[in-house]
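Have a look at the structure below, then the notes.
Predicted, not measured: the structure shown is a model, and the values here were computed from it.
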Amino acid sequence: MAARAGLYVHIPFCSAICPYCDFAVVRDSPSGRSQYLSLIEREVSLLAASWETEIETVYFGGGTPSALSPAQFATLATMLRERLPIAPDARWHLEANPEDIEEQRIAAWRAEDVTFLSLGMQSFSDSKLKFLGRRHRGEDAQKALACAQAGGFETVSVDLIFGLPQNRGEDLDLSLEVVDQHEVDHVSLYQLTFHEGTPFDQRRQSGGLVELDNDRQADLYLELLEQLGRCGLTPYEVSNLARSQQHQSRHNRKYWRRDPYLGVGLGAHSFDGQRRWWNVRDWKGYVARLEDGQLPQEEIETLTSEEARQETIMLALRTTAGLDLDQLKRDFGFDLAAQRPRAYEQWRQSGHLIQDGVILRPQLHGLLVADAIARDFF
């Protein structure tokens, strides 16, 4: 494969599990962390024999990767470099919680070449943080942001959640003010989603929470893009904005371009250009398979040409880089304008998409309905 790969490492530990969370997470404990790192090493050893594509981005996600001690993180990073074909110039990304930001940890992360730090703030408002079940306060978040920005990272990113239930209030002005004052490099903007089985979903079903209607969610999203634009941040994907191309997440761009990536850890996903596979999300199942000498894969699927084409269209239209129509023809023999003329003309005439040479590119209101546009082209 021509494209170099990404590596995703899932660290599932959380000191408290948020009521909206649908990720593969477990309660943090020192013994659990030690056991898990041993299992990660086993999984990597099993994968190393068959994975040859050079890795140019490494992403630690979770859960809470920053829950690892500096010594644990250094040991994990060293093991990954020894067992996998990670390029010397690879870009390392790390997710961290505000309560874990301290000089010792920052020094350990920088010593292992972490250049992109993503802070799970969600908000800078005390009332909103309390509702979301977060452990930090707004003041803590601001101090953590300032400390991280002084730590020497190329990019410091902030996660923000919008779209709280009715009568809960948004409190977005404060978060936007902080982003502006601190000249934040990157923002990941997420709509609050009621995932099946989460405490928030259970409260919604019982009538305890009322989800904002779609029109209000859409208005909020576009308002936020406009306001963040005034802060100097430009969207490059539906949920991600950056101050410049230098501050975009190189790792996440691999997902949207369908570059190969290898995932290790609980629930992690992998893709080699044709096949996709993913690990079990259950802790006991993950442990049992690795202790039995097996990879903890739950399922493997090989994409058909049609599935790959649809995925290419869907992912490209979620980005401001857009869809290369000539590349689509070369890869799949598919002329979008000729074979989907109604949808092609409809979305261009409405202004949701513009054509720039051979690139079909979504406008801001096109990002809002990117998935619906893609489905029309299927």
Side-chain angles (χ1 to χ4, degrees), residues 6-47 58-77 79-80 83-84 92-101 105 108-109 112 114 117-122 132-136 159 161 188 190 193 195-201 251-252 255 261-271 277-292 294-299:
L7 170 66
Y8 174 81
V9 183
H10 189 73
I11 308 297
F13 303 105
C14 289
S15 56
I17 298 175
C18 299
Y20 55 86
C21 180
D22 187 42
F23 296 129
V25 295
V26 296
R27 293 278 185 179
D28 188 22
S29 71
S31 60
R33 269 182 275 141
S34 296
Q35 181 186 15
Y36 186 72
L37 291 176
S38 296
L39 293 169
I40 286 284
E41 184 171 4
R42 290 191 192 187
E43 183 182 0
V44 169
S45 297
L46 291 170
L47 289 166
V58 182
Y59 192 106
F60 297 89
T64 314
S66 57
L68 298 178
S69 71
Q72 287 174 327
F73 184 76
T75 299
L76 175 58
M79 183 274 293
L80 294 172
R83 304 291 176 86
L84 294 171
W92 293 61
H93 301 55
L94 177 78
E95 293 179 356
N97 274 355
E99 56 264 34
D100 295 326
I101 300 300
R105 276 192 165 90
W109 301 334
E112 297 301 335
V114 173
L117 184 69
S118 179
L119 299 173
M121 304 299 193
Q122 316 314 342
L132 291 171
R134 304 295 292 174
R135 298 187 65 197
H136 62 276
D159 290 358
I161 288 180
S188 293
Y190 299 115
T193 303
H195 294 287
E196 184 179 353
T198 61
F200 270 7
D201 179 56
H251 180 83
N252 288 341
Y255 300 139
Y261 51 87
L262 179 65
V264 298
L266 207 64
H269 286 234
S270 302
F271 178 61
W277 61 95
W278 52 95
N279 286 349
V280 295
R281 288 170 54 102
D282 174 68
W283 174 270
K284 290 183 179 179
Y286 182 78
V287 171
R289 293 197 189 191
L290 282 165
E291 288 187 342
D292 195 36
Q294 301 178 39
L295 282 169
Q297 294 168 357
E298 180 175 8
E299 194 168 344

I40 vs M79, side chain to side chain contact (heavy atoms under 4.5 Å, CB included): CA-CA, chis, key distance, verdict: CA-CA 10 Å; I40 286 284; M79 183 274 293; 3.9 Å; yes
Using the side chain to side chain contact (heavy atoms under 4.5 Å, CB included) rule, take Y286 and V26 through it: C-alpha gap first, then chi angles, then the decisive distance, then the call. CA-CA 12 Å; Y286 182 78; V26 296; over 6 Å; no
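Using a distance-only test at 3.5 Å, with no hydrogens or angles considered, a donor-acceptor pair links the side chain of D282 to the main chain of K284. Between the side chain of R289 and the main chain of Q297, a donor-acceptor pair closer than 3.5 Å is present. A donor-acceptor contact shorter than 3.5 Å is absent between the side chain of D28 and the backbone of F13. Using modelled atom types, one side-chain atom of D201 and one backbone atom of G197 make a donor-acceptor pair closer than 3.5 Å.
Of all non-hydrogen atoms in E43 and G263, the two that sit nearest each other are OE2-O, 3.9 Å. Taking all atoms of both residues into account, the shortest heavy-atom contact from C14 to G63 is SG-CA, 3.7 Å. When all heavy atoms are compared, the tightest approach of G265 to N279 is O-ND2, 2.8 Å. Across every non-hydrogen atom of G120 and H136, the tightest pair is O-CE1, 3.8 Å.
Atoms CE and CZ, on M121 and R134 in that order, are 10.0 Å from each other to the nearest 0.5 Å. The CZ atom of R105 sits 5.0 Å away from atom CG of D100, with the distance rounded to the nearest 0.5 Å. One distance of note links CG of L39 with CG of L266; it measures 10.0 Å at 0.5 Å rounding. In this structure, R42 CZ and L47 CG are separated by 14.0 Å, a value rounded to the nearest 0.5 Å. Within the model, atoms CG of D22 and CD1 of I17 stand 11.5 Å from one another, a figure rounded to the nearest 0.5 Å. Distance check: H10 NE2 to H269 NE2 gives 10.0 Å after rounding to the nearest 0.5 Å.
The side-chain contact (heavy atoms from CB on, under 4.5 Å) with I11 is formed by just one residue from the set L76, T64, V25; it is L76.
The residues R281 and E298 are annotated as not salt-bridged, no charged nitrogen and carboxylate oxygen being separated by less than 4.0 angstrom.
Under the 30°/60° scheme for interplanar angles, the aromatic rings of Y36 and W283 are found to lie parallel. By the 30° and 60° cut-offs, the orientation of the rings of F73 relative to W109 is perpendicular.
Centroid-to-centroid, the aromatic rings of Y261 and Y255 come within less than 6.0 Å.
For Y20, the ring pair (Phe, Tyr, Trp, His ring centres under 6.0 Å) criterion is met by no residue, not counting sequence neighbours. Residues that satisfy the salt bridge (charged side-chain N to carboxylate O under 4.0 Å, His left out) test with E112, not counting sequence neighbours, are R81.
Of the N and O atoms on the side chains of E95 and Y59, at least one donor lies less than 3.5 Å from an acceptor on the other residue.
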